[in-house]
Amino acid sequence: MPNSGSTSDLNFEELPAERMAVSTVGAGSAGEHLRVAGGDAPPSPDHGHGTQPKIDMHHHFCAPEWREWAAHHGLIDPARLPRWAHLGAEDAIRFMDRAGIGTAVLKPMLPARYRSSAQLREAINITLRSMMNVAQAHPARFSFYVPLFLDDLEASSWAVRRGLGQLGAVGVNVTANYGGVYLGDPAYDHIFGELNDFGAVVDTHPHHLPGGRPGEMTVPGIPNFMCDFLLDTTRAAVNMISRRTLDRFPDISVILPHAGGFLPYIAPRLQALGRFCDPPVDPAAVSHHLRRFYYDTAGPMAPAATLLAHVPADRILFGTDWPAAPADTVMDLALPALEADPAFTPEQLRGIYRDNALRLIPQLATV
C-alpha cells in the first residue's frame with residue numbers, strides 16, 4: 001500500500017542515524033536527565049514558567065509497543081529511529097514538570113510503510129492502546145489524538161470510530177499532505193464529513209514536500225524541518241481556504257502547527273492574488289478562515305505581531321514540539337521568547353498556556 005502518512009509518518013527509517021540525531025532531554029550536555037521533583041502530580045501553579053500549569057498541545061509520542069511490533073514485522077530498524085523517538089512517559093513527565101506543563105496531548109508517531117490496510121489498523125490499535133495506558137498510568141498528565149492515514153480512507157474511518165467513538169481520544173492527527181494530495185482536497189470529503197459529525201478537533205502536522213526522495217534534504221545542508229515543513233503547512237492551509245473546508249465542515253476545529261507556517265505572512269498576498277487560484281480564492285474567505293483556524297506556538301515561533309494582525313489571541317494554543325524539539329530549545333529559547341513577546345498581554349498568555357485549550361477541548365479539564 002502507499003507509504004502511510006499521518007503526523008507521524010516522517011520516514012525516519014530512511015535516514016542515517018547520524019542525520020536523525022536529536023538531543024535527548026537535558027538541561028546541559030546531551031543525555032543529562034532533568035533533575036526535578038514532582039512524580040505524577042501536575043506542577044503547582046508557581047512551578048516552572050508562568051503562573052499556572054500549561055497544556056501542551058504539540059507533544060510527540062512514539063509508542064514503545066509500536067516500536068517492538070514494527071521491528072518484529074520488519075517495518076523499521078529501531079536503531080535508525082531518532083534518539084528522541086525512544087523517550088518514554090517518565091522522560092516526558094520530567095520535561096513537563098520543568099516546563100510547568102500540567103497536561104500534554106500526545107501526537108502519535110508511527111512512521112513506516114505498511115503492507116496492507118489490516119497491518120495499518122493493527123499499528124494504529126497498538127498505538128492507541130499504548131497512549132491509553134500512559135494516560136491511565138499518569139492521571140491528569142496525558143490525553144491523546146487518533147492517528148489518521150488519509151491515503152487509506154477505510155482505515156481512517158475505522159480509526160475515527162475507534163479512537164473518538166470508543167477510546168476517549170480528544171481529536172485526530174493528520175499530515176498536511178499524503179502523496180502530494182493536500183488537506184482540503186475533495187478526496188478527503190467523506191472522512192471530513194465523519195469528523196464533522198463528531199465535532200472533531202483536527203490537529204495537523206507538516207511532512208516532507210511532495211516529489212522528493214523520502215528522508216533526503218530538499219536543499220543540501222538545510223534540514224527539511226527548517227523551511228519545507230512550514231511550507232507544507234502553508235500549502236495545506238491555503239488549499240483548505242481555497243476549498244472552503246471550514247465552511248463545508250463547520251463543526252470541525254483545525255489546528256495549524258508552528259504558528260501556521262508562512263500563512264500569516266502571505267495572507268495579504270493571498271487576498272490580492274487568490275483570484276489566480278483554481279478555484280479562485282475570495283479575499284473575504286482568507287480573513288474568515290484565518291480567524292477560524294487554531295495555531296500552536298511550537299517553534300520557536302516568530303514574534304507574534306504578524307499573527308495577531310489576522311488572528312484573535314484566543315485561537316493560539318501552547319505547544320512545545322517536544323521531544324522532536326530538544327528540551328534546551330524549549331526551555332532556553334522558545335519559552336523565554338514567548339513570555340517576552342511584546343505583542344502578548346499577560347491575560348493573552350494565560351489563555352495561550354491553558355484557557356484556550358480548555359475552551360477548545362473541555363475534556364482536558366477532567367482528563
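If you're wondering where the values come from, they're calculated on a predicted model, not measured in any experiment. Numbers here are sequence positions counted from 1.
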Can a donor-acceptor pair be found, under 3.5 Å and without considering hydrogens, that links the side chain of [X] to the backbone of [Y]?
X      : Y      : answer
Thr103 : Ala140 : yes
Asp341 : Pro303 : no
Asn196 : Asp251 : yes
Asp91  : Gly88  : yes
Ser156 : Asp152 : yes
Arg315 : Arg291 : yes
Arg141 : Gly102 : yes
Asn356 : Leu317 : no
Arg354 : Gly351 : no

Looking at every non-hydrogen atom in both residues, tell me the closest pair between [X] and [Y] and how far apart they are.
X      : Y      : answer
Pro108 : Thr127 : CB-CG2, 3.6 Å
Leu290 : Val311 : O-CG2, 3.5 Å
Ala159 : Leu148 : CB-CD2, 3.7 Å
Asp56  : Gly319 : OD1-CA, 3.3 Å
Ala176 : Pro206 : CB-CA, 4.3 Å
Leu364 : Ser143 : CD2-CB, 3.8 Å

Validation row: [X], [Y] side chains within 4.5 angstrom (heavy atoms):
X      : Y      : answer
Arg67  : Pro64  : yes
Trp66  : Met131 : no
Met301 : Tyr295 : no
Thr320 : Met96  : no

Assigning hydrophobic clusters by single linkage (Ile, Leu, Val, Met, Phe, Trp, Tyr; side-chain heavy-atom cutoff under 4.5 Å), is [X] placed with [Y]?
X      : Y      : value
Phe144 : Ile101 : yes
Tyr353 : Phe95  : yes
Tyr178 : Tyr114 : yes
Val201 : Phe293 : no
Leu358 : Leu360 : yes

What verdict does the ring-ring contact (aromatic ring centres under 6.0 Å, His included) test give for His208 and Phe229, after you've listed the backbone C-alpha separation in whole Å, the side-chain angles of each residue and the deciding distance to 0.1 Å?
CA-CA 6 Å; His208 301 296; Phe229 278 24; 5.6 Å; yes
Does atom [atom1] of [X] have more than 12 heavy-atom neighbours from other groups under 6.0 Å away?
X      : atom1 : answer
Glu68  : CD    : no
Arg269 : CZ    : no
Glu65  : CD    : yes
Glu347 : CD    : no

Decide, yes or no, whether a salt bridge links Arg243 with Asp189 under the criterion of side-chain N to carboxylate O below 4.0 Å.
no
Between Asp232 and Arg235, does any NZ, NE, NH1 or NH2 come within less than 4.0 Å of an OD or OE carboxylate oxygen?
no
List the steps, then state whether side-chain contact (heavy atoms from CB on, under 4.5 Å) holds for Glu194 with Leu153.
CA-CA 11 Å; Glu194 293 186 13; Leu153 293 176; over 6 Å; no
Go through the steps to decide whether Asn125 and Arg162 satisfy the test side-chain contact (heavy atoms from CB on, under 4.5 Å), and finish with yes or no.
CA-CA 9 Å; Asn125 213 30; Arg162 175 77 169 142; 3.0 Å; yes
Steps toward side-chain contact (heavy atoms from CB on, under 4.5 Å) verdict (Asp321, Thr329):
CA-CA 10 Å; Asp321 220 340; Thr329 298; over 6 Å; no
Between Ser157 and Arg161, do the side chains contain a donor N or O and an acceptor N or O under 3.5 Å apart?
yes
Would you call the rings of Phe192 and Phe249 parallel, tilted or perpendicular if under 30° counts as parallel and over 60° as perpendicular?
tilted
Ring centre gap for Phe318 and His58 strictly below 6.0 Å:
no
